[in-house]
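In what follows, residues are counted from 1 in the order of the sequence shown.
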Amino acid sequence: MTLTLIDRARRTDHVTDKDVTDKGGADTGTAPEETPDSAARRATGREADGLAVASFVLGLVGLLVFNLLLGPTAIVMALLSLARRTRRPGRAYLGLALGVADLVVLAVLVTVNGTVAWDLAG
């Protein structure tokens, strides 16, 4: 609601008597054209931030379990968040690095143990 009041205040500041007579009346109170576009950008930014955080978490969890599934998922989510210009690029890059580390851990496990699971018992 505050955003709407601010936008209306800005709009009425720029309205002159000539604008009112040219349009045939007073301001109807409709929102300016930039509002839907900026709202879409904010939603995309929030979604990209969420993807960056999810990539980080999945990459971190993937170091311990489900390397084969969580590693590539973390990589894809990190790349999507970077493509959508997240406000948290550090987390996206960290999620990307952890996703790659998941795949490296998987490759080491397959090479050493011949399995895709941890073997802590020896």
Side-chain angles (χ1 to χ4, degrees):
M1 181 153 184
T2 306
L3 180 64
T4 305
L5 295 174
I6 291 171
D7 288 340
R8 286 183 183 168
R10 286 183 187 161
R11 189 168 185 189
T12 57
D13 289 343
H14 298 290
V15 175
T16 62
D17 291 335
K18 182 181 179 221
D19 293 337
V20 172
T21 56
D22 288 344
K23 291 181 182 177
D27 187 19
T28 60
T30 58
E33 292 180 17
E34 294 121 19
T35 303
D37 189 36
S38 63
R41 269 190 253 133
R42 276 194 307 269
T44 303
R46 266 188 256 131
E47 183 180 311
D49 292 346
L51 284 171
V53 172
S55 170
F56 169 71
V57 170
L58 290 178
L60 195 60
V61 172
L63 288 174
L64 300 175
V65 293
F66 300 120
N67 311 53
L68 186 61
L69 179 67
L70 296 181
T73 304
I75 292 171
V76 168
M77 288 179 133
L79 292 175
L80 280 174
S81 68
L82 289 170
R84 294 179 183 179
R85 298 184 183 199
T86 180
R87 291 180 302 221
R88 300 172 186 226
R91 287 207 181 128
Y93 284 122
L94 193 56
L96 182 64
L98 287 170
V100 171
D102 290 348
L103 296 179
V104 169
V105 166
L106 178 66
V108 168
L109 286 173
V110 169
T111 303
V112 173
N113 292 340
T115 182
V116 292
W118 289 96
D119 186 19
L120 301 177

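Residues Gly59 and Asp102 approach most closely at O-OD1, 3.0 Å, considering heavy atoms. Contact record, Arg88 with Asp49: N-OD1, 3.7 Å, taken as the closest heavy-atom pair.
Checking each of Val61, Leu51, Leu94 against Phe56 for a side-chain contact (heavy atoms from CB on, under 4.5 Å) leaves exactly one that passes, namely Leu94.
Atom CG of residue Leu58 and atom CG of residue Leu63 lie 11.5 Å apart, to the nearest 0.5 angstrom.
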Run the side-chain donor-acceptor check on residues 68-81: report pairs under 3.5 Å with partners two or more places apart or on a different chain.
from	atom 1	to	atom 2	distance (Å)
Thr73	OG1	Leu69	O	2.7
Ser81	OG	Met77	O	3.4
Ser81	OG	Ala78	O	2.9

